[in-house]
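The next block holds one structure in the form of structure tokens; read it before the comments.
Since we're looking at a predicted model, the values are computed, not measured. For the single chain, residues carry numbers from 1 onward in sequence order.
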Amino acid sequence: MPSSLPRTAAVPALVALALAGGLIVTAGPASAADVRIHGIQGTTRISPLVGSPVADVPGIVTGVRAYGSSKGFWYQDPQPDNDPATSEGLFVYTGSAPTVKTGDSVKVAGTVSEFVPGGAATGEQSETELTSSNAKVTVVSSGNPLPAAVKITAKSVPAAYAPAGTAATGDSINGLKLKPKAYALDYYESLEGMNVSVANTRVVGATDAFDELWVTVKPSENADRRGGTVYGSYDEQNTGRVQIQQQASTTDQAFPTANVGDQLKGTTEGPLDFNQFGGYTIVAGRLGTVVDKGLAREVTAKQKKDQLAVATYNVENLAPTDPQSKFDSLASAVVTNLSSPDILSLEEIQDNNGAKDDGTVSATETVQKFIDAIAAAGGPTYAWRSVDPSNDEDGGEPGGNIRNVFLYNPDRVSFVDRGTADATTGTQVVSGKNGPDLTLSPGRIDPANPAWQDSRKPLAGEFTFQGKTVFLVSNHFISKGGDESLTSQHQPGTRSSEPQRLEQAQAVNSFVKDIRKVKKNAEVVVLGDLNDFQFSGALAALTQGGVLNDDIDSLPVPERYTYVYNGNTQTLDHILTTPSITDFQYDSVHINAEFAQQDSDHDPQVLRLRP
């Protein structure tokens, strides 16, 4: 989606930072006289003429954006230079609907600027553009042919993702000369603003609410069996991904609906833009046709009589204020796609009036409405346990007071109730008659620990199944909000949210250790939306010392995902078990993340085990 931040606010700060950090690099004195687009773009990410007024810069209009907060047009020099590092295209920010048309030959006067989508604090790369309240655009002629589109293909995009930043520049790559034949980010940057095309690509990120989707030009790059592109490590950024938008307003032309694995058939062509939410984006004036490849929502197997089925599902801010259709659709998925698990750990259950911030913390209405919908869909009548949070202390949508909730089928499972828990009193592990007991069940884990500041506190509970005790810990770790993107000017990007998740993982790891100190072969299931990858430091801390195993690792690598973000299929949700649990079947049930129509942005997971 186009950024809404004013261009003029970004220029002075960016120039100052660039100059102070030595990020503006030129081969000699920069001159605005007789400049062409490639002279403005230069050979690095920052223009050598940033902040300078220029006049009569020629080119052919290749695209127009007449709607939204980022109105303007792209144009391109039909007389390129011989340097592959310099782009021949440029965005002109006009602030109002442009009067030029595609194919116009124009000369533009304005100020060279570097606009950082989302603001400098994001650490994002900038977009070189012309902007001025007094910009002058002169149309020389109309109806000219567009410069031939540069074809982005599997062969043209390098396998290496990005150069590493240097200590001298604060890990920024802004001042490094572009090497478009060596690095994917440099390749895309060398085409910034230019007319580009992709052809017959596979969709790897479904159409979203902002009318955009993701494709890959590398069909074999970390492909999964359902058509996605797996993000398997911090070094597997998947270089073939590119975002697709359209120039036309959706009021004039509907954007196509596509699921992962569909094909965007034919040629998609337009200027290569850069934005905060997707990085390099083709803003298509010519859009290919979506071919439906028939991706189906998965259905997990029904648990056998001697199997305990445990599931986790982030239901995305579920509240009574949501339409009944959301409750019904989620309930149908629980019954049909998850085969009515015995225990369901829910994340993002909001209080009884949703995002209204009036001090309400109870979620009785939310949970009961969901339980009723499940029963109406043919499922069991679940019982439930949870602990209300303190008002506005657990993060999430303001006023929503999201929390974790256990649903369980009382015909199959019993819950062991102990004590009366509250938001601020933590449950402890003690030695009981038959092994470890929880002082509070349900209860929250270490709620006073700073690791849980503005974040959900884990919910622990003690269950019995066919005479055997199983401990469950339901989690929703702090989100990745504030982390720099994969296209950040810092390479690798700063993951600012990671330290808190690391502390959260250590706290849960310690709690499981306490249970195992009383009984080494105790059976513990830790599950939920951990907001981090199976290869992350947080998961390493959670499993440290062999306390837990991450059961998604039992799946083949191409099937290890629960979420799709920017065209990368990835794992954010997990079910982990103590080593004593060896007889199990794990399933990530793909019903949401790959689809344009979603009940939640997460896929649920189910673990069937024999305690």
Using 30° and 60° as the class limits, which term best fits the ring planes of Y280 and F274: parallel, tilted or perpendicular?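 Aromatic pair Y280/F274 classed perpendicular.
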Angle class for the F535/F533 ring planes (parallel below 30°, perpendicular above 60°, tilted otherwise)?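 Geometry flag for F533 against F535: parallel rings.
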Before accepting this row, confirm whether a basic side-chain N of the pair [X]/[Y] lies closer than 4.0 Å to the acidic partner's carboxylate O.
X: R456; Y: E347; answer: no
X: K181; Y: D186; answer: no
X: R65; Y: D273; answer: yes

As an exercise, state the distance from CG of L287 to OG1 of T267, rounded to the nearest 0.5 Å.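 Output value for this atom pair is 11.0 Å.
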Donor-acceptor side-chain pairing of S536 and E498 below 3.5 angstrom: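 There is no such pair between these side chains.
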Quick check: Y561 with H590 (ring centres under 6.0 Å apart)?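 For H590 and Y561, the ring centres are under 6.0 Å apart.
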Do [X] and [Y] come within less than 4.5 Å of each other through their side chains, counting heavy atoms only?
X: V283; Y: Q245; answer: yes
X: Y563; Y: D529; answer: no
X: K326; Y: E316; answer: yes
X: N195; Y: W74; answer: no

Is the NZ atom of K107 crowded by more than 12 outside heavy atoms at less than 6.0 Å?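 No, the 6.0 Å shell around NZ holds no more than 12 heavy atoms from other groups.
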